[in-house]
Amino acid sequence: MAADETLTARKRRARHGHPAAVKRPAAAIGLGPGPLAAGLVAQLAPLPLLVLRLTVASVVMLPWAVPVFRRLRPRAAGRLLAAGILGLVGYNLPVTIGLRWLPASTAGLLLATEPVWVMLLGRVFLAERGGARTWLGSAVALSGVAVLAGPGALAGAGGYRGLAGAGLVLAGTLAFGGYTIVLRPLSQAYGALGATAASTVIGTLPYLAFAGTLSGPALAHLDPAVWGELAFLALGSTTAGLLLWNMAVLSGGTTRVSLLLYLEPVVAVLGAAAFLGEHVKPLTIAGGLLILGGVAAASSSAGGGVASQHGRDDA
């Protein structure tokens, strides 16, 4: 009975304007997969949501992870552990919790700072030098994301919870930057598919300790649409998303590829207009043009990846 009442309360909050409401404008959803997860935490607590999502992703990736575990060198084991913890725990856990206390637009704007953290860490640890034009273009693109998110994103949720949520989301974006940098030498040594699969399995292991948080009655009452969103996050955002990301970083370098993250809201707005019939406002067009211009300017001066023989030897 208690589980049913809790589930009913969560559904009621989702219908009546809870910050993690399921229904959101496509522009807000396009600011990253995080706002989509925000809708799910209205019906599932963060830990059960992550246990389900990451377990499914790990089961799918396990066949490609096992060969890496068999060939893994001792010096690479620590790097693989760090990558798994940074990517699957350091990113997913604080972001999923932080989304409960932030509006989708604010969360999307904070998540859009990921390229900045990736470029900073790439400069420090991989000696990738973007130059002034890269940073200026990145700033222009980020301002375009702010325009798309709207003035409400800058106002945030307010109060201590809003501040805590913003801090958690920013910590998650920094952890994702660390994951990108740490995993790249492993992708060079074992291939992007093997490195992504192995780090996903390793990063999921800590969540298995919280398998008891899953409630059978609560799961039985989830709508089919919620299961569809869970499947998308597990197979789309985690499995395919991380794999394609690591493949791109391996071939193009962290600085150049990280700039493409700014294009997420542009693609979402175009998709909403084409498939959902949403009206594109002039301000939305202006934000999209800022993003495209910033990415174009930054990409024209961003250097390619620096093949690190030292990193390959470490792996």
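Note that the structure is a prediction, hence the values are computed from the model and not measured.
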Quick one about S187 and N246 (side-chain donor to acceptor, distance below 3.5 Å, no hydrogens or angles considered), yes or no? no

In terms of side-chain heavy atoms, does R53 have a donor or acceptor partner in T238 at a distance below 3.5 Å? yes

Tell me whether S251 contacts the main-chain N or O of A248 through its side chain, where contact means a donor paired with an acceptor under 3.5 Å. yes

Test log, rule side chain to side chain contact (heavy atoms under 4.5 Å, CB included), inputs Y262 and L142: CA-CA 7 Å; Y262 288 126; L142 187 57; 4.0 Å; yes

Please check: side-chain N/O of Y179 versus main-chain N/O of S199, any donor-acceptor pairing under 3.5 Å? no

Give a yes or no on whether the backbone of G87 and the side-chain of N92 come within a donor-acceptor separation of less than 3.5 Å. yes

What I'd like to find out is whether the side chain of V116 reaches to under 4.5 Å of the side chain of W135, using heavy atoms alone. yes

Do P206 and I85 have side chains that approach each other closer than 4.5 Å (heavy atoms only, starting at C-beta)? yes

From T239 atom OG1 to L233 atom CG, the distance as rounded to the nearest 0.5 Å: 10.5 Å

First locate atom CG of L170, then atom CD of E114, and finally report the distance between them rounded to the nearest 0.5 Å. 10.5 Å

Sidechain-backbone polar pair: S143 side chain, V140 backbone, donor-acceptor under 3.5 Å: yes

Looking just at side-chain N and O atoms, do T180 and W245 make a donor-acceptor pair shorter than 3.5 Å? yes

Residues joined to V60 in its hydrophobic cluster, side chain to side chain under 4.5 Å directly or through other members, sorted by chain and number, are V56, L235

Say whether L193 and V201 are linked into one hydrophobic cluster, either directly or through other cluster members, by side-chain heavy-atom distances under 4.5 angstrom. no

Check: V147 and I291 side chains under 4.5 Å, non-hydrogen atoms: no

